[in-house]
Amino acid sequence: MSATNLKTLLKDPSLLETRAYINGAWVEGSATFDVDNPARGDIIAQVTDLTREEVAGAIDAAYVAQKDWAQWTGKERANVLRKWFDLMMANQDDLATIMTAEQGKPLAEAKGEVAYGASFIEFFAEEAKRIYGETIPGHMRDKRIMVMKQPIGVAASITPWNFPNAMITRKAAPALAAGCSFVGRPASETPLSALALAVLAERAGIPAGVFNILPSMDAPGVGKEFCENQKVRKLTFTGSTNVGRILLQQAAHNVMKCSMELGGNAPFIVFDDADVDAAVEGAIVCKFRNNGQTCVCANRIYVQAGVYEEFSTKLAARVSQMKVGDGLEEGTELGPLITPAAIKKVQDHVADATAKGAEVIYAGETPQAPGNFLAPTIVKGATREMAVSTEETFGPLAPIFKFETEDEVIELANDTIFGLASYFYAKDLSRVYKVAEALEYGIVGVNTGIISTENAPFGGVKQSGLGREGSHHGIEDYLELKYVCLTV
Ligand SMILES: NC(=O)C1=CN([C@@H]2O[C@H](COP(=O)(O)OP(=O)(O)OC[C@H]3O[C@@H](n4cnc5c(N)ncnc54)[C@H](OP(=O)(O)O)[C@@H]3O)[C@@H](O)[C@H]2O)C=CC1
Ligand SMILES: O=C(O)[C@H](O)CS(=O)(=O)O
């Protein structure tokens, strides 16, 4: 397998930045860390490794810059955000190539993520002009009530490796639109996509200090700085529930306003009255997007007895056609997993399920190559006693559970600490309405396996998170309400 030689793959090699972006300057740290290509195992870049103290300096700059940024009119902020959107779309191919090289997803998916990420900037550029306050009838004859919405201040962001572009823009776009400044620490596996966003933010004219990208291997130290630094007023995190808990505990001391997009355990339910072929296609996109490495992927597939065999057979046949390989190569549908540890977690779930009675109905052939490849596995006869029923697999394992009744599957689907995304296929209108109401999740996909859009409020209930990202709701988390009581 040849070395990646990423710069040679780009139309604009200047997008491949390895320095931190702080206060409008590109900063070399005293140390660097390696970024590798999960499909080939080779090192593709060495990125500045900031210390907690250097991150604190970036927060100082963001704090100062935010005061002026908040004075810009909504339209002025909208204009630079729109330019950022236009630059992202003009550089979509290069941003996708950088993403595939560091994260592994197939190029087509990476291009899709760039467009998805850019859509949040486009959407919130528009919202920047529509941050309305209100007046409320006074409670006394000489009183008038006015409600203002003001930016909360410096917003700190910690994001995962699985969507290294969109998870950042889904936070930075509403933050900047609201008049906040932004300090973002990307995952150590995927800093290059974040730094390329900073290159384009600078070109768009976003003022120095308003948008900062702070690569660092010291995730715990940076997290503590974000939580303990009094100049930070907002923490927004996307990642596992375990890390979300740590951050919430740390943020409690300063009573920090937090948004949490955490882990999932999505049920994907197929009722007897479903269009089975549509359900199979929905299961493919829902289970195998990013090779199963998304928080909204189907983690448990429940199929009603009447269509259980038909669905299982058709799903196995469809998955057997999917190509596993290097995301930079034409035709690849399933890229590598992010690390060897991610492979082991999937293998452990397969071993646990088969040890407890599950039947493997498809096991793909993993390419013998240096990358973190793992071909998909489908099992049926899954039960709630198996790890895959309570733990998020985050990889290419599709466990099929059989169920008999609607009440039974609702109980099974809701029996989890998570509550992010859920999906079901059915035609009966009464069933659709009742099941959508009964599922304890922030998101319900009906006759679809993909729900991601900037137009909708994305987020979870229970231990899948706090707050919503996207839609007009998404900007509220970056605003404070101020009640002004006027005596006239
Ligand atoms: N609800 C949602 O929208 C999403 C949820 N997730 C969930 O995240 C998990 C997979 O993503 P993964 O990246 O492994 O999740 P992690 O929670 O391990 O990591 C997420 C981010 O947090 C950082 N981090 C890790 N430990 C700490 C700490 N103590 N303090 C501060 N930051 C820390 C990581 O840094 P580093 O990588 O450098 O260690 C990374 O940047 C799954 O559970 C998935 O469901 C993922 C994406 C979206
Ligand atoms: O990180 C994730 O899994 C994303 O939130 C999923 S989505 O927003 O692309 O659906």
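Indexing begins at 1, ligand by ligand and atom by atom, following the structure's order. None of these values were measured; they are calculated from a predicted model.
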(message) Given P164, S240, P220, S188, identify the one with the heavy atom nearest to atom 15 (O) of ligand 1.
(response) S240
(message) Does the plane of the ring in Y116 sit parallel, tilted or perpendicular to the ring in F120? Use 30° and 60° as the thresholds.
(response) perpendicular
(request) Using a 4.0 Å heavy-atom threshold (strictly under), name the region of R170 that reaches ligand 2: side chain, backbone, both or neither. (result) side chain
(request) Run the numbers for me: atoms of ligand 2, each under 4.0 Å from some heavy atom of T294, listed by number. (result) 3 (O)
(message) With respect to L420, determine whether any N or O atom, backbone or side chain, lies less than 3.5 Å from an N or O atom of ligand 1.
(response) no
(request) Measure from atom 3 (O) of ligand 2 to every heavy atom in A421, S452, C295, G459 and give the option owning the shortest one. (result) C295
(message) Does only the side chain of R289 get under 4.0 Å from ligand 2, or the backbone, or both, or neither? Count heavy atoms.
(response) side chain
(message) For atom 6 (N) of ligand 1, what's the nearest protein heavy-atom neighbour? Residue, atom name and distance, please.
(response) G239 O, 3.4 Å
(request) With heavy atoms of F163 as the reference, note each atom of ligand 2 found under 4.0 Å away. (result) 1 (O), 2 (C), 3 (O), 4 (C), 6 (C), 9 (O)
(message) Considering non-hydrogen atoms of the protein only, which is the closest contact for atom 43 (O) of ligand 1, and what is the distance?
(response) E392 OE1, 2.5 Å
(message) Quick one: does any side-chain atom of S422 pair with a main-chain N or O of I443 as donor and acceptor, under 3.5 Å?
(response) yes
(message) Tell me whether R185 has any N or O atom under 3.5 angstrom from an N or O of ligand 1.
(response) yes
(message) Can a side-chain donor-acceptor contact be found between W161 and Q293 if the only test is distance below 3.5 angstrom?
(response) no
(request) Around atom 25 (C) of ligand 1, find the nearest protein heavy atom and jot down its residue, atom name and distance. (result) V243 CG2, 3.8 Å
(message) For atom 46 (C) of ligand 1, what's the nearest protein heavy-atom neighbour? Residue, atom name and distance, please.
(response) N162 ND2, 3.7 Å
(request) Give the contacting part of E261 toward ligand 2: side chain, backbone, both or neither, where contact means a heavy-atom distance below 4.0 Å. (result) neither
(request) Among all protein heavy atoms, pick out the one at the shortest distance from atom 48 (C) of ligand 1; state its residue, atom name and that distance to 0.1 Å. (result) T238 CG2, 3.0 Å
(message) For the backbone of R40 and the side chain of D326, can you confirm whether one donor and one acceptor N or O come within less than 3.5 Å of each other?
(response) no
(request) Ignoring hydrogens and angles, tell me if any N or O in the side chain of N299 forms a donor-acceptor pair with the backbone of A266 under 3.5 Å. (result) no
(request) Walk me through it: do V154 and K234 pass the test side chain to side chain contact (heavy atoms under 4.5 Å, CB included)? (result) CA-CA 6 Å; V154 175; K234 167 77 183 184; over 6 Å; no
(request) Return the option from F418, F394, F458 holding the heavy atom at the smallest distance from atom 44 (C) of ligand 1. (result) F394
(message) For N162, which part has a heavy atom under 4.0 Å from ligand 2: side chain, backbone, both, or neither?
(response) side chain
(message) If we ignore hydrogens and angles and just use 3.5 Å, is the side chain of T100 paired with the main-chain N or O of K105 as donor and acceptor?
(response) yes
(request) Measure the distance from atom 5 (C) of ligand 1 to every protein heavy atom, then report the residue, atom name and distance (to 0.1 Å) of the closest one. (result) L262 O, 3.0 Å
(request) Examine T241 against ligand 1 and note whether any of their N/O atoms are separated by less than 3.5 Å. (result) no
(request) Pick one of side chain, backbone, both or neither for how T159 approaches ligand 1, counting any non-hydrogen atom pair under 4.0 Å. (result) backbone
(request) Return a yes/no value for E189: is any of its N or O atoms, backbone included, closer than 3.5 angstrom to an N or O of ligand 1? (result) yes
(request) Would you check if there is a donor-acceptor pair between the side chains of R300 and Y302 at a distance under 3.5 Å? (result) yes
(message) Could you check whether any side-chain N or O of N290 sits under 3.5 Å from a backbone N or O of N162, counting only pairs where one atom can act as donor and the other as acceptor?
(response) yes
(message) Under 3.5 Å, is there a donor on one side chain and an acceptor on the other for E391 and H349?
(response) yes
(message) For atom 20 (C) of ligand 1, tell me which residue out of F163, W161, F237 has the closest non-hydrogen atom.
(response) F237
(request) Indicate whether the side chain of Q103 and that of S193 have a donor and an acceptor atom separated by less than 3.5 Å. (result) no
(message) Can a donor-acceptor pair be found, under 3.5 Å and without considering hydrogens, that links the side chain of E261 to the backbone of G465?
(response) no
(message) In this structure, is the centre-to-centre distance between the rings of F403 and F271 below 6.0 Å?
(response) yes
(message) Is it true that S259 and R468 share a donor-acceptor pair across their side chains at a distance under 3.5 Å?
(response) no
(message) Give me the nearest non-hydrogen protein atom to atom 31 (C) of ligand 1 as residue plus atom name, then the distance to 0.1 Å.
(response) A219 O, 3.3 Å
(request) Note the single closest protein heavy atom to atom 3 (O) of ligand 1, along with its residue, its atom name and the distance in Å. (result) C295 SG, 3.1 Å
(request) Give the single entry among V296, L420, N290, T453 that approaches atom 6 (C) of ligand 2 most closely by any heavy atom. (result) V296
(request) Give a yes or no answer on whether the side chain of E392 reaches the backbone of G264 with a donor-acceptor pair at less than 3.5 Å. (result) yes
(message) Would R170 count as a contact residue for ligand 1, given that I'm defining contact as a non-hydrogen atom of the residue lying under 4.0 Å from a ligand atom?
(response) yes
